[in-house]
Structures are given as structure tokens and as C-alpha cells.
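Input: a single structure, listed below in C-alpha cells.
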Amino acid sequence: MKAEISKNYNPSEIESRWYQYWLDNKLFESKPNPEKEAFAIVIPPPNVTGVLHMGHMLNNTVQDVLVRKARMEGKEAVWVPGTDHASIATEAKVVALLKEQGLDKKQLGREKFLEHAFAWKEKYGGIILEQLKKLGASCDWSRTRFTMEPELSKAVIDVFVDLYNKGLIYRGVRMVNWDPLGLTALSDEEVIHKEVRSKLYYVRYELENAQGHLTVATTRPETIMGDTALCVHPEDERYRHLIGQKAKVPLVNRWVNIIADDYIDREFGTGVLKVTPAHDINDYNLGLKHKLQVIDVLNPDGTLSEAAEIMVGEDRFVARKKAAKMLAEQGLLEKEEEITNNVGTSERTGAVIEPRISMQWFLKMESLAKPALEVVENDTVKLHPAKFKGMYRAWMENVHDWCISRQLWWGQQIPAFYMKDGTILVAPTKKEALKIARDKYRLFALNESDIEQDPDVLDTWFSSWLWPISVFDGFKNPDNEDIRYYYPTNDLVTAPEILFFWVARMIMAGLEYRKEVPFKNVYLTGIVRDKQGRKMSKSLGNSPDPLDLIAQYSADGVRIGMLLSSPAGNDLLFDEKLCEQGRNFTNKLWNAFRLVGGWEVKEQEISSLDSLAVSWMQARMNQALKESNDLFTKFRISDALHVMYKLIWDDFCSFYLEIIKPAYGQPIGSSVLQETISIFDWLLRFAHPFMPFVTEEIWHQLGERKSGDSICIASYPSEKVVDADLLSQVSVVVEELLVPIRNYRNSNQISPKTVLEGLQISNANSWVKPYLPLVVKLGNTAEFTFADSLSGQVFAGKRLDWSVPQEERELNAEEKEKLMAELEYTKGFLLQVEQKLSNERFVANAKADLVEKERQKKTDAEAKIAALEKVLAS
RNA sequence: GGGAGCAUAGCUCAGCUGGUUCAGAGCAUCUGCCUUACAAGCAGAGGGCCGGGGGUUCGAAUCCCUCUGCUCCCA
């Protein structure tokens, strides 16, 4: 142990020093080792464009705790890091950057654009991984992957080709979610529904033969020009007579049929629907059913197209207002009404989604979803907390085909090649496509310039769903050592919002390509919100910069802060105070070390009191370890942290150390110090997964360590038998003797320095004798004397009666009241117990030990009542 | 409109298949202490008809029904 211990713990210097030490000694690197059990976590790859936010902090802290614990438990632990190419987000960012430089994506062309994008990625991509190091993340950085690196892209392409050949991928015209800002299709999962206030316009459609008009309620008057029918409910008495007749579409004065369908909700608006097959999914389906014409009045960018005939080129929202105005001018706008409705917005660009008919690629989900549901139902993959199972089931049972094509350039280009006649050749490369043309279609003359590759790329999730396999090169070489050893991985830690996007699909891919699930446990973290419960976001400015937090509270402090109040699956209401609490805890640990490391030592056998303290502390440690391990198996990490926190703060610092602490200026006995150091060492290893830096620093100062040694690879404490009797006896002594003595001091304003004299304890409590030295020390009392009958002020507990000497005085009113209340309570309690015991059905039905416990309660209560009455009578 | 879930102390939550004086923890609050590792600390205390109503049971915070209020997911 070093002589000099700095008075203050200096985290920033210590944290960067140890992180470098860990890297230098390659402590996080892992290779398959048949001697050891494998433990693997793959990181949910953050976007290359990303910077660390609070969600990452929580998520990665949890992963680090899990992987560090596994590593210390002697498993061959690996945490594979990497980043995601994030098609839309990254492309949007690069496009914006180019725009600043006066460059345009289309003018540049695909090749040049991708060059810019890659340059951008090289420069800014992966900042987030550097930031993770500040948090202490023990990733195996030598294994860092990127979803768009050549190997991983190849896996994506091969999987596409394979699924196409299996008949699971098809191309078709469908109504998709169109992002008019990103100019791409999106999957259902990328659409976020938001409630907004909007206007419902009541529009008049003139009827033929001067029969008047029909009023239609619509939120989208700008699509009126695309109407190709009106529709009413077949049994709606109001309109039945009009079915089969014609109505005139306003603004464009086109006659359309009035049709009937029981899809119509008679309650909504006027019960008449304008059918616009090109711009609404339900209308689209109606259109298919009734073979209606489709008039697409919008351009991809959300402006009105030539087909609209009027307002061509106007933005859809501008056109909406104009259309309303025009209708009003023509006397066709009956009224406007404020309503609340749901609109879909793009997860990435925020633009209001436009349902749009277009040619896209789809993956059939049904056959993939079925087995993926099964493995969650039967707990092959466990969701933590399990409440997400229900949500998972609901989604998997109603899964839609996955639109996997995106009209972007940043990503894996779809390996489909089109011949001039429209024939599709799906192959990893152009060469191989030509080979198919030759082999399958016998087109020997076809050459490269005769076929053209689909310009679109694949949805980013189409590469991330392969992540747990592809990071171990399981596609390139399905039998390699890594994948055989690490797959299936153990735990996946992620946010519930991507349960379907990502988790479900990884399970599908795992089952499809490895015939095995990709992970055994899925820990779903909550969303990090601010104190008012608002989601943290850039626009609200309510998200603290994680690096600032680390600078202020230390990485250990922030880690503790994040975990203190984040049970799995619950949103975390983040409050900087939690980080402060975390920092205070690291500080507490440091100060405990200053105490233990700062004593003069003298050769001495251990005293019986110290020996008791050591046995008790060890019993508490074993108890806490058992609890903690149990909580870890249930993924109740936050609770496990609480167990550790209380063990160190309350049991070790406030109790154990106070017992063994020698009087001021006195040296400590060598034996008890040795015991204390090994206890401390144990506690550090127990705490290390949560707070890696401070534990490493103290651990190194606490004993002689070899070069390259680290607490990261020291062994995690192992479970031993808990001495439960010792624990329960000490807790009785604390609750019924020590705490009341301290209370007595408080209420009588006796200084802690004053030695309490003349305490008596009842002879009936002789079992307590061995524990009295503990009370003498912590309560600062003189020796107790045993007596048959107590004199002075008597304190009556359940198991212990004792007294302090006192000049003759009446109990004051307050004290009396308190004792009376206690007496009343105990009497009531006794009554309940007696009733229970006299209830034959209880005695007959309840378990024997339970009845025995009730009997014990009865004797305890009776004893207490007698003692209280005695005190009150005196 | 369909589905999942929640309601326990001022706040955030725990309380597993009913039974340990079961009504708990942390934070916050209050009281007293600058006690010799730590005031970023120490020693204590107060605080809840377990959302309302009904039922099952010897026994309900826990199981069932219902009402009310909230959240999330999907359309």
C-alpha cells in the first residue's frame, strides 16, 4: 500500500489513465477459447452520423455492466462494437452539406456523391465510438465493424439474392409510405403517427339531373382532383337512392360514380367518402375492389402534378388552403370543422408521409415471422421485462410485408438488373446476372450495356438484421471459429422502440440463416426523459451533453446515476441529481479507502469484537452477493446496483468500519487490517462492473499488483453460505438496542461524545451478551450490567428489554403518548393474531410453519404488552 | 377502431405463484451534529385507507369482475 493517498479523488486524470492501460494490455480483446464459456454482446450499432446522447449512455452502461461481470466471472467475454450506415439520416446530412457548398446530388451523380459520402464518413463517422470510451465501455475495438463495409455489404447482397431465389422477395406496385422530403419510400415502422389538430372541410359535390348535392367531409381538399368515385354505405338510408348515379368533382368538374361499400363509417363526417385511390391506402384498396381509375395528382416532392390540372407545382399544404379558398368562392365549401387526427411523419426527416403508389421491393414476412414469434413465446429468447411479449405477439401476428427498397444512394444497391424488355435478373454482380441470362434465358449475345442495375438501395435495417451473424463473418464463412464460438450471443440491450424494426428481424434472420436464435436475452431499456417526463430532444434543448456530465460527475458517477432509477423497460426520468448521487458514492468509496489505507499498523491478534465484525460483514457480503446474482439473472440491474450501493455505504462504511476503527491516533491491529483489506478487495470486485474506474484505482493501491494486472480480469466474488443466524441476531441488537440508544441521545440532547453510563439489560436476554461490545463501541456506552428487574427508564422491545438510569421523573406527555400509541397498536395486533389462531379453518388450512410463526408473534406481542404496561405504570 | 400495460409515501419505483408486525427502498422533507475517512458527510424522525366499488378466500397491495384516470403500440 502506498503511504500517500491523495485527499481528493481526481476522476478525469484517473479515468483516462486506466482506459489507456486497459487498451494497452488488450484486456477487452477476446478470441475463441474452448476452455472457457463464451459470452457475447453485439452493440446496437449507433448511426455513423450520431453523437452520444443520453439514450446511448443508458444503453451502453447496461451492456458494459453485463460484459464486465461476465468477464470477471471467467467467461470469454466479447462486446462487439460498430456503427450503422443509416441510409436516410446520413444521406440527408451529406446532401445538406453539399448544398452548403453549392453542390447538388443529382448533378454530381451517384459515383461522385458516394465519394463525398464516404469522405464524410471517414471524417465524422464513428465519433460516437470514441465517446463511448469515455464512458468506460469495454468493447473489443479490434473487432469494430461497419454495416456498409465490403464484407458486411456482401452479406446483405447475398441474403437478398438468396431470399429472392427462395421466392420471398418480390417487386411490385404498392401503396407505400412516401417521404416527400427524403424522396424515398419508408417501411411502416419508420412512420411515426402524431396527433395533430387539423381542419375537416365539408365540400359539396353536385349531383346529376339537378338533384342538388352530396356533402363530403375531407381533410385533404387538395387531392379532390384525384377523386374517381364517391362512396357511401350500402345500408345508409340517407344515400341509398343515389348509388349508381353520378356526382361532379368540384374544381375539375369531372363526373364520377357513386358507389357503395360497407367499409364506410356512417358516423364519420357526412357518411360520404371521396375516393382518391392514389392518395390514401384505404381508398387505394377500395379502388382495387371497385376497379377505379387512379389519378396521381402529386409529384414525388409533394407538389401538385400535371394530372391535377390546377395549381400544378404548388406544394400540397399551400394547395390545401388554396383549394379550400377556391371551393368557398364557388360556394361549394359548406363549413370547416376543427378535428384531431393522426398523421404519419417520417422518423428521419419529420416530413408528413404521403401514401404513394410506386414500384418497390418487398420481403414476404409471414413465413419468417412465424418461427420468430414461437421462440419468444417459448422463452428461447427472453424479453426483459416480459411485458413486451404481448406487444411482440400482437405485431408478429399482424405483420405486413416489408418494403425494403429506398430511393437513395447511400447503402447497398439492390442487386437486381433489368433487361430492356423488363426481365429481372437478380444476382450479386452484373457478370453473374449476365450468366443467369445465358443459362436461364439462353441469351448469349447479351452484354453489360444491355442490362441496368436497379438504382435504389436497401433499407438500412436490411443490413442491421444480419448484424449478430455478420460481425462474426457468419455469411462469408458459416463455419468459422468465431461464429461457432460466440453465436448465439447472450444478451442484447436495446430500446423498445426498435423491437420490431430490429430485434424481431434479427431473430428472423438468425433462424433463417443459422437455424438458431441470435441471442438469449433481450433487455429493453426505457426512454430517457427529463424531469418533467418529456422525451429528451435537440429541439427542446433539454438533453444534457453526456460528455459534460462525465466531466462534471466522472464516468463512474454518471454510470451510477443512469442506473439508479432505471428498472428495465421503464422510462428514466433523468435528473442530474442522480449523477451527483453517483459521484458522491464514488467519493464515499474513495474516502473509505483513505481510512483503511491511512492507519498506522501494529502487530496484534484480532479482538473478539473485530472478529465479530468481520464475520458479520462476510455474512452480509454473501447475502448481498446472492441477492445481486439473483437480480442479475432477472436483469434487474438497477436493483442489483442498489444492493451493492447499500452494502458498501451502510454496511461497510457506516457499520463495519466504525466498529473496527481504532480510537483517534491509535494504530490498527495487523490481523484485523488484513481482514479488512480482503473485504475491501472483495467489495471492489463486486462493484467493478458498475464503476470500473474508481475500483481499478483503489484496487491497485490496495495491494501489490503485477504489471498488466487489472481488476477487470480479477475474479468476481463467488457465493458462500450465509450465516443467517448471525445476521438476524445482530439486526435485533441494532434495531432494539443501538438505534434506541441513539434516539435516546437525540431526544435528550446528549452529545455523542458523552459515554452513557449505567445501562442495564434484562437477565432474560442473556443471548445478547456476545454482541454488547458492539453496542458499547457504536453507542459509546459503558459496560452493561445484567439485572433481573430493570430500574430507571425502561425500553421494552420485542426481544430485548433494557434501561437507562434516571432521576425520578414522570414521563413527559409526548413520551407517554408515544408509548400509549405503541401499546394500543400492539394490543390490536395481538387481537388479530389471536383471532387468527382461534380460527379453526386457519389452523387447519395454513401451513404448519405459518401457524407456528403466528404463535411466536403471539408470545412476542404479549411480552411487549407486559413490558410497555410496566413502563407506563412506573 | 384493435391490442398491450400502468395506477402503492411529495417524486421514481419494489413488493414473484395470496400468509415473515407487509405496507417497503432510494431520493426529497424535518430534527440534531463542522465527531478524528468523507458536510459530496454522520445520527435519527415523520410521511401511504396500496385509484373507486364489488367478489373469491380462514386470510387480498397481491386473484377475479367493474368503474375511473393515464401511458404505449398498431390501424
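Predicted model, so just to flag it, every value in this text is computed and none were measured. We name chains A, B, ... by the order of the sequence lines, and we start the count at 1 in each one.
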* Asked: Can you tell me if Gln623(A) and Glu627(A) form a side-chain donor-acceptor pair at under 3.5 Å?
  ->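 Not at all, the side chains of Gln623(A) and Glu627(A) share no donor-acceptor pair under 3.5 Å.
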* Asked: Can you find a side-chain donor-acceptor pair between Thr494(A) and Tyr523(A) that sits under 3.5 Å?
  ->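 No, Tyr523(A) and Thr494(A) have no side-chain donor paired with an acceptor closer than 3.5 Å.
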* Tell me: CG of Leu499(A) to P of A4(B), nearest whole Å? ->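 Computing the Leu499(A):CG to A4(B):P distance gives 16 Å.
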* Short N-O contact, Glu354(A) and Arg220(A), less than 4.0 angstrom ->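 Looking at Arg220(A) together with Glu354(A), the answer is yes, because their closest N to O distance falls below 4.0 Å.
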* **Test: Arg636(A) and Asp630(A) ion pair at under 4.0 Å** =>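 Looking at Asp630(A) together with Arg636(A), the answer is no, because their closest N to O distance does not fall below 4.0 Å.
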Relative to the ring of [Y], is the ring of [X] parallel (under 30°), tilted (30 to 60°) or perpendicular (over 60°)?
X         : Y         : result
Phe501(A) : Trp461(A) : parallel
Phe585(A) : Trp649(A) : parallel
Phe795(A) : Trp802(A) : parallel

* **side-chain N/O Arg636(A) vs G15(B) OP1/OP2, d < 4.0 Å** =>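 Yes.
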* Asked: Reading nucleotides 37-44 of chain B 5' to 3', which nucleotides get B (base under 4.0 Å from a protein heavy atom), which S (sugar-phosphate only), which -?
  -> BB-BSSBS
Rounded [atom1] spacing from [N] to [M] in Å:
N      : M      : atom1 : value
G55(B) : C11(B) : C1'   : 34 Å
C6(B)  : A61(B) : C1'   : 15 Å
A39(B) : C34(B) : C1'   : 7 Å

* **RNA chain B: stems of at least 3 consecutive Watson-Crick or G-U pairs whose donor-acceptor distances fall under 3.5 Å** =>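 B:1-7 with B:68-74, B:10-13 with B:24-27, B:29-33 with B:41-45, B:51-55 with B:63-67 - these are the stems of 3 or more pairs that involve RNA chain B.
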* Asked: Can you check salt bridge (Lys or Arg N to Asp or Glu O under 4.0 Å) on Glu658(A) and Lys661(A), steps first, answer last?
  -> CA-CA 5 Å; Glu658(A) 291 299 330; Lys661(A) 187 156 101 179; 3.4 Å; yes
